[in-house]
Amino acid sequence: MVTCTGQRGEDGRTVSLTVRDQGPGVDSEQALRIFNKFERLGRENDGGSGLGLYISSRLAKAMNGDLTVENAGEAGAAFRLTLPLFEAE
């Protein structure tokens with residue numbers, strides 16, 4: 001199961017979207033590497049090139065935001081995309 005939640009930042013200037021899964025999670029060492037180019041956390045045979053999270057992180061930064069990951073407790077990981085809010089013109 002995947003859960004998505006959104007919320008406005010306490011400062012009122014940001015919005016965040018958190019996606020939680022129930023997979024194997026990530027430990028603190030993996031969290032340091034997970035956004036690196038070509039990083040696959042040691043997985044070899046499940047497809048992918050290790051670029052998806054790298055590109056996602058770069059896009060977040062290009063929009064003056066951030067993409068982070070943390071262990072979601074008993075099982076899974078929580079990825080949080082935080083972006084600044086802009087006034088519509």
Side-chain angles (χ1 to χ4, degrees):
M1 178 195 299
V2 175
T3 305
C4 299
T5 56
Q7 67 184 46
R8 192 174 192 140
E10 291 180 15
D11 61 3
R13 296 179 175 191
T14 60
V15 64
S16 65
L17 172 68
T18 302
V19 178
R20 287 180 165 73
D21 66 21
Q22 294 180 336
V26 293
D27 61 33
S28 57
E29 179 188 321
Q30 291 172 325
L32 293 173
R33 302 187 339 249
I34 200 165
F35 298 109
N36 292 345
K37 188 186 263 188
F38 303 117
E39 181 59 60
R40 298 185 62 226
L41 299 179
R43 289 177 264 186
E44 298 297 325
N45 298 320
D46 60 356
S49 62
L51 289 174
L53 289 173
Y54 169 77
I55 292 169
S56 298
S57 178
R58 297 290 301 249
L59 285 170
K61 288 177 179 20
M63 294 183 282
N64 297 315
D66 198 14
L67 181 62
T68 59
V69 65
E70 60 188 43
N71 203 335
E74 296 175 10
F79 290 86
R80 179 171 291 121
L81 172 64
T82 304
L83 296 171
L85 287 172
F86 292 101
E87 295 277 332
E89 293 183 22

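Just so you know, these numbers use all the heavy atoms, side chains as well, and skip hydrogens, waters and symmetry mates. Numbers for residues simply follow the sequence, beginning at 1.
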Contact summary for Val19 and Cys4, nearest pair of heavy atoms: CG2-SG, 3.9 Å

Between Ala60 and Leu67, which heavy-atom pair has the shortest distance, and what is it? CB-N, 4.0 Å

I'd like to know if the side chain of Asp21 reaches the main chain of Val2, judged simply by a donor and an acceptor atom lying under 3.5 Å from each other, with no hydrogens or angles considered. no

I need the minimum non-hydrogen distance between Phe35 and Ser57, along with the two atoms involved. CD2-CB, 3.8 Å

Hydrophobic cluster membership, Leu59 vs Tyr54, 4.5 Å side-chain cutoff: yes

For residues Gly65 and Leu83, report the shortest heavy-atom separation together with the two atoms involved. CA-CD2, 4.0 Å

Could you tell me the separation between the CZ atom of Phe79 and the CD atom of Glu70, rounded to the nearest 0.5 Å? 10.5 Å

Asn71 and Gly76 have their tightest heavy-atom pair at OD1-O, 3.0 Å

Check: Arg8 and Leu85 side chains under 4.5 Å, non-hydrogen atoms: yes

Atom CG in Leu51, atom CZ in Arg40: separation rounded to 0.5 Å? 10.0 Å

Pairwise side-chain contact, Gln7 with Val15, heavy-atom cut-off 4.5 Å (strictly under): no

Would you say that Arg80 contacts Leu17 through its side chain, given a criterion of any heavy-atom pair below 4.5 Å between the two side chains? no

Which pair of non-hydrogen atoms, one from Arg20 and one from Ala78, has the smallest distance, and what is that distance? CG-CB, 3.7 Å

